[in-house]
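Below is one structure, written out as structure tokens, with a few remarks after it.
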Amino acid sequence: MEYIKFSSEEIEKARNIDIMDFLSRNYGFEFQKVGKDYRCKQHDSLNIFSDRHGWKWYSKDVGGANVIDFMMRIERKSFTESVSDILGQNFAVYNSSDRESRETKSSVVLPEKTHDKFARVYAYLCQTRKLDKDVISDMMKEKKIYQDTKGNCVFVGYDDNGKAKFGCVRGTLTDKKYRGDCQNSDKRYAFSQSGTEKDRIYIFESPIDLLSHCTMVNMIKNDKNAYKQQTRISLCGTSDVALKAYLERHPEVKVLNFRLDNDEAGHQQTEKYIAEYTAKGYKVNAIFSKAKDVNEDLINMSENKQTKNKPMKR
């Protein structure tokens with residue numbers, strides 16, 4: 001059950017977002033004017049209407065009146081998650097006429113950090129999500145994970161100069177789900193983890209899936225530092241904006257290992273990315289989880305291990 005509630009003014013603001021601006025910044029989509037409407041160059045069946053709010057994706061036989069509908073029907077997010085993600089990115093709140101001021105307002109706004117309080121985050125990540133406590137401790141030392149004053153978990157992404165550019169929040173209460181990007185977040189610098197291997201990267205949808213893979217590597221090799229060999233990035237969704245930006249900054253990368261969710265959206269995007277990045281000269285691999293995502297696989301793996309190690313009653 002989600003607990004975030006928005007005012008009518010906030011919902012109306014989200015509905016009135018220029019969808020072309022939103023898709024260009026979040027997904028890297030480009031549009032060209034065709035008649036009165038606009039056609040996406042990357043997906044020629046995606047059409048934006050002349051009001052720059054309504055849209056129709058003909059190959060998927062789905063459309064809507066605004067960007068909220070897009071997030072719900074294409075990204076399959078709830079209404080609350082959709083509005084939160086839209087309003088959480090300040091560049092999207094401005095009208096089209098405010099482009100210049102929007103570009104200069106680029107500092108990510110991260111939630112206030114608690115001081116010496118990590119219990120909620122540790123409990124959620126290590127007990128509920130079964131993540132390796134040593135991995136989480138390392139990430140906290142690197143200031144990539146922290147607990148905010150509301151007890152939420154915050155994941156932070158940095159540019160090559162060590163400046164925070166991206167933040168996303170994940171609620172830690174299992175009965176009150178919440179997640180969303182922080183204000184002014186730049187998905188080109190989404191949550192990532194750098195390893196000693198620089199010529200290949202592992203690509204996940206969420207920070208938790210990324211950390212789950214770190215944990216599984218440590219479990220398999222029985223070494224708390226084993227995860228530091230691989231380099232990983234999270235897309236924080238299924239858009240490849242973060243991946244494209246990462247590859248531009250790291251031309252040494254030659255191999256892409258996709259680990260997107262084992263669902264319809266994950267399969268569709270993976271198929272698309274295999275073709276796209278293979279054509280660009282990369283070696284592309286893709287593995288899907290047995291369950292819905294990497295974290296569910298980790299939870300199942302942890303539970304099976306506990307059952308196996310549990311002493312038999314005599």
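N47 and R39 form no side-chain donor-acceptor contact under 3.5 Å, judged by distance and modelled atom types alone. No donor-acceptor contact under 3.5 angstrom links the side chains of Q230 and E197, judged on distance only. Judged by distance alone, the side chains of S212 and N295 do bring a donor and an acceptor atom under 3.5 Å apart.
Judged purely by atom type and a 3.5 angstrom limit, D209 has no side-chain atom pairing as donor or acceptor with the backbone of E205. A donor-acceptor pair under 3.5 Å links the side-chain atoms of D148 to the main chain of N152, judged by distance alone. A distance-only check finds a donor-acceptor pair linking the side chain of N218 to the backbone of Y227 [under 3.5 Å]. S239 places a side-chain N or O within donor-acceptor distance of the main-chain N or O of V241, the cut-off being under 3.5 Å. Although no hydrogens or angles enter the test, the distance criterion places no donor-acceptor pair under 3.5 Å between the side chain of T278 and the main chain of A275. Side chain of S84 to main chain of T80: no donor-acceptor pair is present (N/O by atom type, distance under 3.5 Å, no hydrogens or angles). Remark: side-chain polar atoms of T149 are not paired, donor with acceptor, to backbone N or O of K113 under 3.5 angstrom. Judged by distance alone, the side chain of Q42 and the main-chain N or O of E30 form a donor-acceptor pair under 3.5 Å. In terms of modelled atom types and a separation under 3.5 Å, the side chain of D51 and the main chain of G54 share a donor-acceptor contact. For the pair Y146 (side chain) and P111 (backbone), a donor-acceptor distance under 3.5 Å is present.
When the side chain to side chain donor-acceptor pair (under 3.5 Å) test is applied to Q193, the partners found at least two apart in sequence or on another chain are R232. Shown here are the side chain to side chain donor-acceptor pair (under 3.5 Å) partners of E271, two or more places apart in sequence or in another chain: there are none. Legend: residues meeting side chain to side chain donor-acceptor pair (under 3.5 Å) with Y273, ordered by chain and number and at least two apart, are Q269. By the side-chain contact (heavy atoms from CB on, under 4.5 Å) test, A265 pairs with R76, D263, sequence neighbours left out. Residues passing the side chain to side chain donor-acceptor pair (under 3.5 Å) test with S194 are K198, sequence neighbours excluded. Looking at residues two or more places apart in sequence or on another chain, you find no ring pair (Phe, Tyr, Trp, His ring centres under 6.0 Å) involving F31. Residues satisfying the salt bridge (charged side-chain N to carboxylate O under 4.0 Å, His left out) criterion with E9, sequence neighbours excluded, are absent altogether. Under the salt bridge (charged side-chain N to carboxylate O under 4.0 Å, His left out) criterion, K56 pairs with D61, sequence neighbours left out. Listed by chain and residue number, Y27, W55 satisfy the ring pair (Phe, Tyr, Trp, His ring centres under 6.0 Å) test with F70 (two or more places apart in sequence, or in another chain). The ring pair (Phe, Tyr, Trp, His ring centres under 6.0 Å) test applied to Y189 returns no partner, not counting sequence neighbours. Every ring pair (Phe, Tyr, Trp, His ring centres under 6.0 Å) that H43 has, sequence neighbours left out, goes to F29, W57.
Judged by a 6.0 Å distance limit and a 45° cone about the ring axis, K280 is positioned over the six-membered ring of Y277. Note that R52 lies in the cation-pi zone of Y38, set by a 6.0 Å cut-off to the ring centre and a 45° limit from the axis.
Here the shortest heavy-atom pairing between G64 and R73 reads CA-NH1, 3.4 Å. Of all the heavy atoms in T231 and R200, the pair that sits closest is CB-O, 3.9 Å. Taking every heavy atom of both residues into account, Y158 and A164 meet most closely at CD2-N, 3.4 Å. The two residues K165 and V108 have their closest heavy-atom pair at O-CB, 3.7 Å. Of all the heavy atoms in C126 and I136, the pair that sits closest is SG-CG1, 4.0 Å. Of all non-hydrogen atoms in S234 and L210, the two that sit nearest each other are N-CD1, 3.8 Å.
Between F191 and F155, the ring planes are perpendicular. Angles over 60° get that label, and only those under 30° would be called parallel.
Look at R188 and D186 and you find a salt bridge, because one of the NZ, NE, NH1 or NH2 atoms lies within 4.0 Å of a carboxylate O, short of that distance. Taking the charged nitrogens against the carboxylate oxygens, R249 and D159 have no contact shorter than 4.0 Å, which rules out a salt bridge. The pair K254-D199 does not meet the salt-bridge criterion, since no charged nitrogen lies less than 4.0 angstrom from a carboxylate oxygen. No salt bridge links E75 with K77; every basic N to acidic carboxylate O contact stays at or beyond 4.0 Å. Taking the charged nitrogens against the carboxylate oxygens, D261 and K292 do have a contact shorter than 4.0 Å, which makes a salt bridge.
Between H53 and V67 there is no side-chain heavy-atom pair separated by less than 4.5 Å.
Within a 6.0 Å sphere centred on NZ of K33, heavy atoms belonging to other residues, nucleotides or ligands number more than 12. Heavy atoms from other residues, nucleotides or ligands lying under 6.0 Å from CD of Q32 number more than 12. Crowding of K41 atom NZ: a count of heavy atoms from other residues, nucleotides or ligands under 6.0 Å exceeding 12. In the displayed structure, K150 atom NZ is contacted under 6.0 Å by at most 12 heavy atoms of other residues, nucleotides or ligands. Heavy-atom neighbours of K283 NZ from other residues, nucleotides or ligands within 6.0 Å: at or below the threshold of 12. Other residues, nucleotides and ligands contribute more than 12 heavy atoms inside 6.0 Å of the CD atom of E252. Atom CG of D160 is surrounded by more than 12 heavy atoms from other residues, nucleotides or ligands within 6.0 Å.
Exactly one of E296, H267, K290 qualifies for a side-chain hydrogen bond (donor to acceptor under 3.5 Å, both in side chains) with N262. That residue is H267.
From S7, atom OG reaches atom NZ of K13 across 8.0 Å, with rounding to the nearest 0.5 Å. From H250, atom NE2 reaches atom OG of S192 across 7.5 Å, with rounding to the nearest 0.5 Å. One distance of note links CD1 of I11 with CG of N66; it measures 11.0 Å at 0.5 Å rounding. If you take CG on L46 and CG on L23, they are separated by 6.5 Å, rounding to the nearest 0.5 Å.
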Checklist entry - When you look at E248 and K244, which way does the salt bridge (charged side-chain N to carboxylate O under 4.0 Å, His left out) test go after all the steps? => result CA-CA 6 Å; E248 288 178 0; K244 286 181 178 177; over 6 Å; no
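Here I287 is tied to no hydrophobic group at all, with no ILVMFWY side chain closer than 4.5 Å.
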